[in-house]
Amino acid sequence: MFLAICFNSNAKAQTPKPTSVRDKQKEKQIRSMETGPWDFEPGWYYYYLHKKYSGAYSHWQWSGFKSRLVVKFNEKKSNTRTIMPVRTAEELLQKEKMDKVEEERIKVKELYDEELIRQADRSVDLVYSSFKEDFLRLQNEISEGLTYCYNKSKGKLAYQIGELSRENEILCEGIEYIHKQGIGYDLENSKREKAYIEFKDKMKKLVKRIANLVAIADCHF
């Protein structure tokens, strides 16, 4: 019985002390190196053995009869720093890079979408229908006027009629070419419209010249 009691007493005496103090010191060290606040424990240990990286310095703390010399830590005096600012800077830099990449992606997408719209616009003539009736009306006037001149002059104005007819054919071929659609005939509708307006004006001038020829035919034949 006595031996059992002695054994139990020795076992209790050999039981390791709690490591909470050591864990707290390690926690402070890790926290200081990673995120802060900058603090280490035990103070005098870091003051004498690890002053360079801990930034430890002695400071007289006034507190009446309890005034004493204490150890404080200043990160600015350390030859190292917390890694969180570095991580934060890297994250901000990475975010800035990603923002630039996204900005470029949006620009490229906008250009691509714009080009698709232009391609669709070039592949189909959307404005010819607005000029079709005017072209048909002017062609009827031209045809009737030239036929009238030929019949009225009994063919004596054939040369003038031929010249005006050739000019009209050139205008019609130009309109037909602008109206072509599909591969190889891509043209933006704004340019098609501009061309149709020019052809329409030329056709009107041609109608006036034919009207003058009609007046000549009426006077001389």
#### Entry: Pairs meeting criterion side chain to side chain donor-acceptor pair (under 3.5 Å) with involvement of residues 126-135, two or more places apart
Asp134-Lys200

### Query
Would Tyr177 and Leu206 show up in the same hydrophobic cluster when neighbours are defined by side-chain heavy atoms closer than 4.5 Å?
yes

### Value rounded to 0.5 Å, distance of CD1 in Ile210 from CG in Asn168
6.5 Å

### Query
Is there any salt bridge (Lys or Arg N to Asp or Glu O under 4.0 Å) pair reaching into residues 162-174, and which pairs are they, with sequence neighbours excluded?
Glu163-Arg166, Glu167-Arg209

Which pairs of donor and acceptor atoms, one on a side chain in residues 212-221, lie under 3.5 Å apart (sequence neighbours left out)?
from   : atom 1 : to     : atom 2 : distance (Å)
Asn212 : ND2    : Lys208 : O      : 3.4
Asp218 : OD1    : Tyr148 : OH     : 2.4

#### Entry: side chain to side chain contact (heavy atoms under 4.5 Å, CB included) partners of Asn151, counting only residues at least two apart
Thr147

#### Entry: Point-to-point distance, once rounded to the nearest 0.5 Å, from CD1 of Ile161 to CG of Leu146
6.0 Å

### Query
Taking all atoms of both residues into account, what is the closest heavy-atom pair of Tyr150 and Ala158, and its distance?
CE1-CB, 4.4 Å

### Message
Using 0.5 Å steps for rounding, measure from the CG atom of Leu164 to the SG atom of Cys149.
### Response
8.0 Å

### Task
Working to the nearest 0.5 Å, report the span between CZ of Arg137 and CE of Met203.
10.5 Å

### Query
Rounded to the nearest 0.5 Å, how far does CG of Leu138 lie from OG of Ser143?
12.5 Å

### Task
Output all residues satisfying salt bridge (charged side-chain N to carboxylate O under 4.0 Å, His left out) with Glu198, sequence neighbours left out; order by chain, then residue number.
none

### Message
Taking side chain to side chain contact (heavy atoms under 4.5 Å, CB included) as the definition, give me every residue that meets it alongside Ile197, ordered by chain and number, with sequence neighbours left out.
### Response
Phe131, Glu193, Asp201

### Query
Under the side chain to side chain donor-acceptor pair (under 3.5 Å) test, which residues partner Glu144, sequence neighbours left out?
none

### Query
Side-chain contact, heavy-atom cut-off 4.5 Å: Ile178 with Tyr196?
yes

#### Entry: Donor-acceptor contact present, side-chain Arg192 to main-chain Leu187, <3.5 Å
yes

### Query
Is atom NZ of Lys152 surrounded by more than 12 heavy atoms (other residues, nucleotides or ligands) closer than 6.0 Å?
yes

